[in-house]
Amino acid sequence: MATSKGVVVSVPVLVASVAASAIFFFFFLTPFLSSSSTTCNCPTTSSATITTTTTATSSYQSYKRSNNQISPTQEDINWWKDQIQQNQLQDYIEARNKLRKGINPRTRAQQLQDLIQFKGISHYEGPDSSNHTALPCPGELLVEEHHSNYGEPWAGGRDVFEFLAESARLNPGSRVLEIGCGTLRVGLHFIRYLNSQNFHCLERDELSLIAAFRYELPSQGLLHKRPLIVKGEDMDFSKFGSEVVYDLIYASAVFLHMPDNLVWTGLERLSSKLKPFDGRIFVSHNIKFCSRLGGEECTKRLTNLGLEYIGKHTHDSLLFNHYEIWFEFRRSMA
């Protein structure tokens with residue numbers, strides 16, 4: 001019955017409304033109740049979801065890889081290939097895809113001429129023309145002419161570092177000596193990886209040292225690593241201290257340019273500076289200083305120095321079609 005102040009709802013209508021609400025909540029809660037059941041038949045995950053999950057997991061595992069991992073893992077390489085494919089970058093055709101050189105393209109020679117002619121780029125004039133640069137660098141180095149001094153791409157330095165660092169099982173606390181580090185094509189990677197002052201080098205060429213100190217170290221932000229790089233020759237390692245012991249000593253394309261007697265002199269001086277058993281000496285390209293003596297005589301001389309020949313290795317480049325041969329030695333007595 002209706003009155004002027006309200007609406008009277010009959011009992012049957014009220015019961016029907018309650019029943020409808022109960023049915024609605026039952027169907028609404030059923031999925032949540034079912035999901036907590038141990039006997040539920042959940043829908044299978046779609047292939048797209050599986051792919052995404054796998055990729056994400058792979059990326060996470062790669063990110064969480066061991067701190068001692070130096071070279072790219074297979075997962076890293078697979079990720080790289082996938083990114084190249086997804087971005088349609090796999091087909092480089094020189095005639096169609098000339099690499100652009102920026103808004104003001106210059107060859108190295110042109111860049112150098114600009115630096116000489118204009119005394120720098122956007123340089124100060126008049127009373128402010130004095131050099132405000134903290135570490136003035138020769139123009140030849142600023143255009144990176146020294147990157148072409150090796151007869152192969154500068155990128156090969158990373159390949160050498162990865163092979164040697166992992167073969168010698170290095171960690172940031174290890175100590176490394178390079179004989180003939182040149183302009184730090186390889187050394188930069190060791191300096192960056194190792195703790196401060198743990199990279200040492202003996203280099204005879206002054207121009208290479210100028211490039212190393214006046215361009216590479218400051219441009220790579222590595223001055224704080226304080227590498228000990230010494231100008232010297234004749235295998236004189238006296239400036240490195242008598243107490244230091246190395247985890248790795250290596251010579252990349254150096255011994256093949258030296259007289260055999262000088263190489264043996266160097267090995268004699270270095271044998272006591274190599275960590276017993278775990279330390280390694282690596283020599284690239286060939287060991288004619290040894291093979292020219294004959295197998296038995298070479299082994300005898302190595303034994304007298306407390307050294308042992310371990311074997312020959314071939315290491316492929318990551319970026320270009322090239323490999324290097326390395327010969328491994330260790331100190332066989334304490």
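- Ser196 places a side-chain N or O within 3.5 Å of a backbone atom of Lys225 that can act as its donor or acceptor partner.
- At a threshold of 4.0 Å, the pair Glu296-Lys300 does not count as salt-bridged, since none of the basic side-chain nitrogens sits closer than that to a carboxylate oxygen.
- With Asp234 contributing its side chain and Asp236 its backbone, the two residues share no donor-acceptor pair below 3.5 Å.
- Using a 4.5 Å heavy-atom cutoff, the side chains of Leu177 and Leu270 are in contact.
- Residue-environment remark: CG (Asn261) stays at or below the threshold of 12 foreign heavy atoms within 6.0 Å.
- When all heavy atoms of Leu302 and Cys290 are compared, the closest pair comes out as CD1-SG, 4.3 Å.
- Here Arg175 does not pair with Asp247 in a salt bridge; the nearest charged N to carboxylate O distance is not below 4.0 Å.
- Relative ring orientation between His322 and Phe320 is described as parallel, the plane-to-plane angle staying below 30° on a 0-90° scale split at 30° and 60°.
- Across all their heavy atoms, Ser284 and Ala253 have their closest contact at OG-N, 2.6 Å.
- By the disulfide (SG to SG under 2.5 Å) test, Cys137 pairs with no residue at all, sequence neighbours left out.
- Closest non-hydrogen pair, Pro72 versus Leu318, comes out as CG-CD2, 3.8 Å.
- How far CG of Leu188 is from CH2 of Trp154: 6.0 Å, rounded to the nearest 0.5 Å.
- Between His315 and Tyr323, the distance separating the two ring centers is not shorter than 6.0 angstrom.
- Between the side chain of His200 and the backbone N or O of Gln197, at least one donor-acceptor pair lies under 3.5 Å.
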*Yes or no on side-chain contact (heavy atoms from CB on, under 4.5 Å) for Leu217 and Ile191, after CA distance, side-chain angles and deciding distance?*
CA-CA 9 Å; Leu217 288 176; Ile191 295 169; 4.0 Å; yes
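- Closest of all the heavy-atom pairs between Ala155 and Leu319 is CB-CD1, 3.8 Å.
- Of the possible donor and acceptor atoms, none in the side chain of Gln86 sits under 3.5 Å from a partner among the backbone N and O of Gln88.
- The heavy-atom pair separating Ala211 from Thr183 by the smallest distance is CB-CG2, 3.6 Å.
- Side-chain contact between Asn198 and Val176 is absent, with no heavy-atom pair separated by less than 4.5 Å.
- The aromatic ring centroids of Phe327 and Phe282 lie 6.0 Å or more from each other.
- One hydrophobic cluster holds both Leu89 and Trp79 under the rule that ILVMFWY side chains link at heavy-atom gaps under 4.5 Å.
- Residue Lys81 holds its NZ atom at 12.0 Å from CG of Asp76, rounded to the nearest 0.5 Å.
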*Kindly determine whether Lys288 and Asp260 satisfy salt bridge (Lys or Arg N to Asp or Glu O under 4.0 Å), including the steps that lead there.*
CA-CA 8 Å; Lys288 290 184 178 179; Asp260 290 357; over 6 Å; no
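- Using a 3.5 Å distance cut-off with no hydrogens or angles, the side chains of Ser317 and Arg158 do not pair a donor with an acceptor.
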*Could you give me the CA-CA distance, side-chain angles and deciding distance for Trp326 and Glu324, then say whether side chain to side chain donor-acceptor pair (under 3.5 Å) is met?*
CA-CA 7 Å; Trp326 289 89; Glu324 284 191 338; 3.3 Å; yes
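- Residue pairs meeting the salt bridge (charged side-chain N to carboxylate O under 4.0 Å, His left out) criterion with at least one member in residues 191-205, sequence neighbours excluded, are Arg204-Glu233.
- Counting heavy atoms from C-beta outward, Glu328 and Ser167 have side chains that stay 4.5 Å or more apart.
- With sequence neighbours excluded, the residues forming a salt bridge (charged side-chain N to carboxylate O under 4.0 Å, His left out) with Lys231 are Glu206, listed by chain and number.
- Taking CG of Asp159 as the reference point, atom OG of Ser71 lies at 10.0 Å (rounded to 0.5 Å).
- When the side chains of ILVMFWY residues are joined at heavy-atom separations under 4.5 Å, either directly or via intervening members, Ile70 and Leu222 end up in a single hydrophobic cluster.
- Evaluation of the salt bridge (charged side-chain N to carboxylate O under 4.0 Å, His left out) test over residues 129-156, restricted to residues two or more places apart or in two chains, returns Glu152-Arg185.
- Taking the six-membered ring where tryptophan is involved, the planes of Phe329 and Phe289 are tilted, since the angle between them lies from 30° to 60°.
- You'll find the side chain of Leu274 stays beyond 4.5 Å of the side chain of Val245, heavy atoms only.
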_With side-chain contact (heavy atoms from CB on, under 4.5 Å) as the criterion, how do Thr303 and Leu307 come out once you've worked through the C-alpha distance, each side chain's angles and the decisive distance to 0.1 Å?_
CA-CA 5 Å; Thr303 302; Leu307 297 176; over 6 Å; no
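- Arg301 has its side chain within reach of Trp264: a pair of non-hydrogen atoms, C-beta onward, lies under 4.5 Å apart.
- Between His132 and Tyr124, the ring-plane angle classifies as tilted under the 30° and 60° cut-offs.
- A 4.5 Å side-chain heavy-atom check between Asp114 and Gln111 finds every atom pair outside the cut-off.
- Side-chain heavy atoms closer than 4.5 Å link hydrophobic residues (I, L, V, M, F, W, Y) into clusters, and following such links, possibly through other members, connects Val244 to Leu228.
- When all heavy atoms of Glu308 and Ser332 are compared, the closest pair comes out as OE1-CB, 3.8 Å.
- At distances below 3.5 Å, at least one donor-acceptor pair connects side-chain atoms of Gln110 with backbone N or O atoms of Thr107.
- Between the side chain of Thr133 and the backbone N or O of Leu135, no donor-acceptor pair lies under 3.5 Å.
- A heavy-atom distance below 4.5 Å is not found between the side chains of Phe163 and Thr314.
- The distance from the CZ atom of Arg280 to the CZ atom of Arg330 is 6.0 Å, given to the nearest 0.5 Å.
- You'll find the side chain of Leu267 reaches within 4.5 Å of the side chain of Ile281, heavy atoms only.
- With Tyr250 as the partner, the ring pair (Phe, Tyr, Trp, His ring centres under 6.0 Å) test is satisfied by one option alone out of Phe190, Phe199, Phe255: Phe190.
- Sorted by first then second residue, the disulfide (SG to SG under 2.5 Å) pairs that include residues 299-334, not counting sequence neighbours, number zero.
- Atoms OG and CD, from Ser208 and Glu216 in turn, are 11.0 Å apart once rounded to the nearest 0.5 Å.
- One distance of note links NZ of Lys273 with CD1 of Ile249; it measures 8.5 Å at 0.5 Å rounding.
- Under the 4.5 Å side-chain contact rule for hydrophobic residues, Leu207 and Tyr215 share a cluster.
- Between the Arg269 side chain and the Phe237 main chain, no donor and acceptor come within less than 3.5 Å of each other.
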*How far apart are the C-alpha atoms of His189 and Glu162, what are their side-chain angles, what is the distance that settles it, and do they pass the side-chain contact (heavy atoms from CB on, under 4.5 Å) test?*
CA-CA 9 Å; His189 303 285; Glu162 289 181 359; over 6 Å; no
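- Residues Tyr246 and Leu184 do not share a hydrophobic cluster, defined by chaining ILVMFWY side chains whose heavy atoms lie under 4.5 Å apart.
- With sequence neighbours left out, the ring-ring contact (aromatic ring centres under 6.0 Å, His included) criterion links His285 to no other residue.
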*Check against side-chain contact (heavy atoms from CB on, under 4.5 Å), Ile229 and Leu209*: CA-CA 8 Å; Ile229 303 173; Leu209 290 172; 3.6 Å; yes
